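Being a predicted model, the structure only gives us computed values, none of them experimental. The figures that follow rest on heavy atoms only: side chains count, while hydrogens, waters and symmetry mates do not.
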Amino acid sequence: MTRTVPAAEFPYALERVGLVMEPLADEPLEAEGVLNPGSGYGPDGELYLLPRLVADGNVSRIGIARVVVEDGVPTGVERQGVVLEPERSWEVGAVNAGVEDPRTTWVSALDLHVMTYVAYGPLGPHTAIAVSSDLRTWQRLGPVRFGYDDALDVDLSMYFNKDCVFLPEPVTAPDGTETLAVLHRPGWDLSEIRPSEGLHPPGWVEDTRPSIWISFVPLDRVRADVGALAEWRGHRVLAGPTEAWEELKIGAGPAPIRVPEGWLLLHHGVTGELVGSLAQQQNVNYAAGGMILDAERPWEVLVRTAEPLMTADTDDERSGIVPNVVFPTAVEEIDGVHHVFYGMADSKIGVARLVRR
């Protein structure tokens, strides 16, 4: 049974630290913003962000930037180039292209950084996987393949899917298999592909608002062939929108953190008015909240916040390409303190300190 508690009673809080990255005026690759980064520690022990760099025409690449840390606080970045560009046929359409919104997880059981990213190709946005040992050279594993589950009457490969992120440690799946668990968010609206279809969810889905799902990848299969990271199965709903600040949809944020209470998952909730499923929105509000997942059964939510932990309150969060957005996508420990990196109005990157109450 999930408990919903006021934000003040949730065991963790977010405290703003400041702005760490904003677009350079003379950099064409950043003309429409730097946002929604992945992150990780490199072999050199330095902390890096993997920001989404957006050029004119909403064409996205994934860059790499060393985080400048002063007295344990991230204060800026040193840009070091681009690590992933839209180059494959399934990342480039006739009038669009992009590799977007990376979420990265260091999976020690594989000794690899595992990245999910959104490939914005000819059939719209679909999640893809890449892996790296050094954050600089990434091996593409291709678009995610969703195992069909007749009991659910759903082929998740039909739908757009975003906000995907792996848990950092193996877990025992409901079928007793040692697996890597991954969170994701299918959307049931097929109108962008075939206008006459509109919402086309499985018949048993009563709430069609985009929700967080969890799937699994058997660890022994990945150890035999790393390409299995892109083959997900055992799908089930983890959490849907329940509160006023999540009225339109919710989605997972950074890789969940193992905490004494279980797994801490930061997530976003959206209110306002959505116009289509692919357009850059102008009348929405993105806020950040939290959930605690069961340590042994991470498909069960123990506690979640009734209100956001953070809303778009500063000028950088309220004004940008998409106004009124805080969008957490990365979390890293610096000198014993976890810091959360988040997109600000789809234009800049901020950082907040994660504190235990």
Salt bridge check, [Y] against [X]: does any charged N sit closer than 4.0 Å to a carboxylate O?
| X | Y | answer |
| --- | --- | --- |
| R221 | E231 | yes |
| R356 | E261 | yes |
| R79 | E30 | yes |
| R3 | E9 | no |

Practice task
Can you establish whether the number of heavy atoms outside R194 located under 6.0 Å from its atom CZ is more than 12?
Solution key: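 For R194, atom CZ is not crowded (no more than 12 foreign heavy atoms under 6.0 Å).
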For the [atom1] atom of [X] and the [atom2] atom of [Y], what is their distance to the nearest 0.5 Å?
| X | Y | atom1 | atom2 | answer |
| --- | --- | --- | --- | --- |
| L265 | L167 | CG | CG | 8.5 Å |
| I212 | K249 | CD1 | NZ | 12.0 Å |
| L293 | L238 | CG | CG | 5.5 Å |
| L248 | R209 | CG | CZ | 8.0 Å |
| C164 | I129 | SG | CD1 | 7.0 Å |
| I64 | E78 | CD1 | CD | 10.5 Å |

Can any side-chain N or O of [X] pair as donor or acceptor with the backbone N or O of [Y] at less than 3.5 Å?
| X | Y | value |
| --- | --- | --- |
| R103 | G253 | yes |
| T208 | E206 | no |
| W245 | N285 | no |
| T305 | E307 | yes |
| T4 | A306 | no |
| S347 | I321 | yes |

Practice task
Give a yes or no on whether L112 and V222 share a hydrophobic cluster (residues Ile, Leu, Val, Met, Phe, Trp, Tyr; joining criterion: side-chain heavy atoms under 4.5 Å apart).
Solution key: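 As far as the 4.5 Å side-chain criterion goes, V222 and L112 are connected within one cluster.
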Can you check whether [X] reaches [Y] side chain to side chain, under 4.5 Å on heavy atoms?
| X | Y | answer |
| --- | --- | --- |
| V59 | P86 | yes |
| E300 | I214 | no |
| I334 | V337 | no |

side-chain hydrogen bond (donor to acceptor under 3.5 Å, both in side chains) against [X], all qualifying residues, sequence neighbours excluded:
| X | result |
| --- | --- |
| Y41 | none |
| T172 | none |
| D44 | Y48 |

Exercise for the section: State which residues pass ring-ring contact (aromatic ring centres under 6.0 Å, His included) with H268; sequence neighbours excluded, sorted by chain then number. Expected result: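 Once residues adjacent in sequence are excluded, the partners of H268 under the ring-ring contact (aromatic ring centres under 6.0 Å, His included) criterion are Y286, F327.
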Practice task
May I ask you to list the residues sharing a hydrophobic cluster with V355, side-chain cutoff 4.5 Å, ordered by chain and number?
Solution key: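 The other cluster members (ILVMFWY side chains, heavy atoms under 4.5 Å, direct or chained): none.
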Practice task
List, by chain and number, the other hydrophobic cluster members for V259, where Ile, Leu, Val, Met, Phe, Trp and Tyr join if side-chain heavy atoms come within less than 4.5 Å, directly or indirectly.
Solution key: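 Taking Ile, Leu, Val, Met, Phe, Trp and Tyr as members, V259 shares its hydrophobic cluster with V5, F10, Y12, L14, L19, I257, L264, L266, I292, L302, V303, L309, M310, V326, V331, V340, Y342, M344, L354.
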Practice task
Grab the two heavy atoms, one from L123 and one from I193, that are nearest each other, plus how far apart they are.
Solution key: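 Answer, listing the atom of L123 first, then I193: O-CD1, 4.0 Å.
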Exercise for the section: State, to 0.1 Å, how close A128 and A119 come at their nearest heavy-atom pair, and which atoms those are. Expected result: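 Scanning both residues completely, I find the closest heavy atoms to be CB-CB, 4.4 Å.
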Practice task
Check the angle between the aromatic planes of W232 and F146 and answer parallel, tilted or perpendicular using the 30° and 60° thresholds.
Solution key: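 W232 and F146: perpendicular rings.
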Problem - Parallel, tilted or perpendicular, as decided by the 30° and 60° cut-offs, for the rings of Y159 and W188 - result: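 Because their plane-to-plane angle is over 60°, the rings of W188 and Y159 count as perpendicular.
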Handout entry: F160: which of H200, H126, H184 passes ring-ring contact (aromatic ring centres under 6.0 Å, His included)
Key =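 Per the ring-ring contact (aromatic ring centres under 6.0 Å, His included) rule, the option paired with F160 is H126, out of H200, H126, H184.
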Residues in side-chain contact (heavy atoms from CB on, under 4.5 Å) contact with [X], at least two apart in sequence or another chain:
| X | answer |
| --- | --- |
| V20 | L49, P74, F341, I349, V351 |
| A295 | R258 |
| E85 | R61, V82, E87 |
| S319 | none |

Handout entry: side-chain contact (heavy atoms from CB on, under 4.5 Å) between K348 and M21, intermediate numbers included
Key = CA-CA 6 Å; K348 304 173 183 178; M21 188 173 186; over 6 Å; no
Handout entry: Pair listing, side-chain hydrogen bond (donor to acceptor under 3.5 Å, both in side chains) test, anchored in residues 327-338, at least two apart
Key =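 Checked against side-chain hydrogen bond (donor to acceptor under 3.5 Å, both in side chains) - neighbours excluded - the pairs reaching residues 327-338 are S39-E332.
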Practice task
Have a look at Y117 and tell me which of E91, R52, E100 forms a side-chain hydrogen bond (donor to acceptor under 3.5 Å, both in side chains) with it.
Solution key: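 It is E91; the other options fail the test.
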Problem - W213/H235 aromatic ring centres below 6.0 Å - result: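 Aromatic pair excluded; centres sit 6.0 Å or further apart.
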Exercise for the section: Any chance you could lay out the salt bridge (Lys or Arg N to Asp or Glu O under 4.0 Å) test for R304 and E246, step after step, and finish with the verdict? Expected result: CA-CA 12 Å; R304 62 189 293 176; E246 306 164 328; 3.1 Å; yes
Practice task
Apply side-chain contact (heavy atoms from CB on, under 4.5 Å) to L50 and L135, showing your working.
Solution key: CA-CA 8 Å; L50 300 168; L135 295 173; 4.1 Å; yes
Handout entry: ring-ring contact (aromatic ring centres under 6.0 Å, His included): pairs with one or both residues in residues 292-320, sequence neighbours excluded
Key =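 ring-ring contact (aromatic ring centres under 6.0 Å, His included) check on residues 292-320 returns F216-W299.
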Practice task
Indicate whether the side chain of D134 and that of S132 have a donor and an acceptor atom separated by less than 3.5 Å.
Solution key: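 Yes, S132 and D134 have a side-chain donor paired with an acceptor closer than 3.5 Å.
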